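Have a look at the structure below before the remarks.
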2 protein chains.
Amino acid sequence: MNALLLENQVCFAVHAASRALDGFYRRQLAELGLTYPQYLVMLVLWEREPVTVKELGVALRLDSGTLSPLLKRLEAAGLVRRERNASDERSVVVRLTEAGTELRQSALRVPEHVANATGMHLSELADLHRTLGRMTQALTEAT
Amino acid sequence: MNALLLENQVCFAVHAASRALDGFYRRQLAELGLTYPQYLVMLVLWEREPVTVKELGVALRLDSGTLSPLLKRLEAAGLVRRERNASDERSVVVRLTEAGTELRQSALRVPEHVANATGMHLSELADLHRTLGRMTQALTEAT
DNA sequence: TGTAATTCAATTGTGCACAATTAAGTTGCC
DNA sequence: GGCAACTTAATTGTGCACAATTGAATTACA
């Protein structure tokens, strides 16, 4: 077996799956006016608002180079507000606007659509979730 | 269970795994002077050269908007040559240079390093590969 | 108290991804 | 032969990802 064969590389399978998922979300989220990474940010906000940019970065493993312009676009779309923390001027707190809060209702049906589109059983998805989590953890810690 | 909880979403697990893998490859491939997508293109070329841009797009599921600038960077790095097909001027054929061919030797050890870094057994990786392939297929076909 | 180290966000620059469009070339069909 | 339909790359524009740097603010501590 040739180690360099594209078909043999799990890396490519992960990469391709990620893009396929991204593409599916793009179609689903178009009517909400969100991209996939913007949707991920909104998920965190719907869970526990307000959050700082720092906290968003930890939750999503993204840095400010990605988050700053993304949050500006969400702000321009009227879904979030950003304000400096009065007690620590270094940190920026992100809050939902009313429109941002309301968007949650429209987003509720998305996960089910995606789960259906994968053609997999919930138990398989749970397995996959667990396996990928373990792999991500190991890769993050590896040199 | 809250369907919109970030932790419950397989989508995020796939997304995060893809980026973790990308990051690990970035470190591994830095000394070869390749990015991860460039490495994927080189894998195809090492397998079956020459190939057209079209064929690369099919193999990697990427369009010319991604491939054209990427191939120009590989050409600027002296790893590939691009030339129009004489019999069909629409198609561009990509070939390895000598340096591009030789780079394969240095790339041979990369897959093993990655496999180790995932902390998973080969059988688990094979399972994961199969599962993701199935999911990607289903998502691509879904509306 | 004053300074060094740290924290946090923003910015800059490079590269990937994809939609939409453009342009050139080929093929099919009358 | 001539025109319509199709194929193939390239380009343009938008957005994500991350490294490196900058700058402001806070904290630690000598």
Side-chain angles (χ1 to χ4, degrees), chain A residues 11-12 14-27 29-30 33-42 51-58 60-77 80 82-94 139-140, chain B residues 11-12 14-27 29-30 33-42 51-58 60-77 80 82-94 139-140:
Chain A
C11 73
F12 180 65
V14 176
H15 195 69
S18 178
R19 286 188 296 124
L21 212 37
D22 194 356
F24 187 81
Y25 270 103
R26 184 175 301 118
R27 297 191 286 278
L29 296 174
L34 291 176
T35 66
Y36 180 41
Q38 286 167 11
Y39 168 74
L40 294 177
V41 168
M42 293 300 285
V51 296
T52 64
V53 175
K54 170 72 174 173
E55 289 167 337
L56 278 172
V58 170
L60 301 172
R61 274 154 242 288
L62 291 171
D63 72 8
S64 62
T66 300
L67 288 172
S68 288
L70 188 157
L71 290 169
K72 280 184 187 172
R73 285 186 283 272
L74 287 180
E75 189 170 42
V80 308
R82 296 179 306 144
E83 37 196 65
R84 296 237 162 231
N85 188 328
S87 68
D88 185 342
E89 289 281 342
R90 292 170 306 178
S91 75
V92 169
V93 172
V94 183
L139 285 169
T140 303
Chain B
C11 75
F12 180 65
V14 176
H15 196 68
S18 178
R19 286 188 296 122
L21 212 39
D22 195 354
F24 188 81
Y25 271 103
R26 184 175 301 118
R27 297 191 287 278
L29 295 173
L34 292 175
T35 66
Y36 180 40
Q38 286 167 10
Y39 168 74
L40 293 177
V41 168
M42 294 299 285
V51 296
T52 64
V53 174
K54 171 71 174 175
E55 289 167 339
L56 277 172
V58 171
L60 300 172
R61 274 155 242 286
L62 292 171
D63 71 8
S64 62
T66 301
L67 288 172
S68 287
L70 188 156
L71 290 169
K72 281 184 186 171
R73 284 185 284 271
L74 287 180
E75 189 170 42
V80 309
R82 295 179 307 144
E83 37 195 66
R84 295 238 163 231
N85 187 329
S87 67
D88 185 341
E89 289 281 342
R90 291 170 308 178
S91 75
V92 168
V93 173
V94 183
L139 284 169
T140 304

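Predicted model only: the values in this text are computed from it and were never measured. Letters A, B, ... are given to chains in the order of the sequence lines, protein chains preceding strands, and every chain is numbered from 1.
Summarising the geometry, the separation between CG on A:Leu40 and P on D:dG15 is reported as 17 Å, rounded to the nearest angstrom. Distance B:Leu29 CG to C:dG15 P: 15 Å, rounded to the nearest Å. Counting to the nearest Å, the P atom of D:dA17 and the CG atom of A:Leu56 are 13 Å from each other. Between the NZ atom of A:Lys54 and the P atom of D:dA24 there is a distance of 21 Å, rounded to whole Å. Between the C1' atom of C:dA17 and the OH atom of B:Tyr36 lies a distance of 14 Å, rounded to the nearest Å. Between A:Arg84 atom CZ and D:dA25 atom P the separation is 8 Å, expressed in whole Å. B:Arg26 has its CZ atom 5 Å from the P atom of D:dA19, to the nearest Å. Atom CG of B:Asn85 is separated from atom P of C:dT27 by 11 Å (rounded to the nearest Å).
Here the straight-line distance linking atom NZ of A:Lys54 with atom CG of A:Asp63 works out to 10.5 Å at 0.5 Å rounding. Annotation: the span from A:Leu139 atom CG to B:Arg19 atom CZ amounts to 12.5 Å, rounded to 0.5 Å.
Residue-level contact check: A:Arg27 touches neither bases nor backbone, having no heavy atom under 4.0 Å from any strand. The residue A:Arg82 sits close only to the backbone: its heavy atoms come under 4.0 Å of sugar-phosphate atoms, none of a base.
Between A:Leu60 and B:Phe12, the closest side-chain pair of non-hydrogen atoms falls below 4.5 Å. Within the 4.5 Å cutoff, no side-chain heavy atoms of A:Glu75 are placed close to those of A:Val94. Contact check for A:Asp22 versus A:Thr35: no side-chain heavy atoms found under the 4.5 Å cut-off. The shortest distance between side-chain heavy atoms of A:Val41 and A:Leu67 falls below 4.5 Å. Counting heavy atoms from C-beta on, the side chains of A:Leu56 and A:Leu62 never come closer than 4.5 Å.
Close to D:dT11, at under 4.0 Å from its OP1 or OP2, lies a side-chain N or O of B:Lys72.
For B:Val53, whose side chain is taken as the heavy atoms from C-beta onward, the closest listed nucleotide among D:dT8, D:dA17, D:dA9 is D:dA9. Taking only side-chain atoms of A:Glu89, from C-beta outward, the nucleotide of D:dA25, C:dC18, C:dA9 with the closest atom is D:dA25. Distances from the side chain of B:Ser91 to the nucleotides C:dC18, C:dG15, D:dT8 place D:dT8 closest. Set against D:dA17, D:dT11, D:dA10, the side chain of B:Val92 has D:dA10 as its closest nucleotide. For A:Pro37, taking side-chain heavy atoms from C-beta onward, the closest of the listed nucleotides D:dT8, D:dG15, D:dA17 is D:dA17.
Heavy-atom contacts from other residues, nucleotides or ligands closer than 6.0 Å to CZ of A:Arg82 number more than 12.
Across residues 63-71 of chain A, A:Asp63, A:Gly65, A:Thr66, A:Leu70 each have a non-hydrogen atom less than 4.0 Å from an atom of DNA chain D (numbered order). Sorted by residue number, the list of members of residues 18-25 of chain A with any non-hydrogen atom under 4.0 Å from DNA chain D is empty.
Closest of all the heavy-atom pairs between A:Cys11 and B:Leu40 is SG-CD2, 4.3 Å.
Under 3.5 Å, the side chain of A:Arg90 and the base of C:dT7 form at least one donor-acceptor pair of N or O atoms.
B:Tyr36 and A:His15 have perpendicular rings, their planes meeting at more than 60° on a 0 to 90° scale where under 30° would count as parallel.
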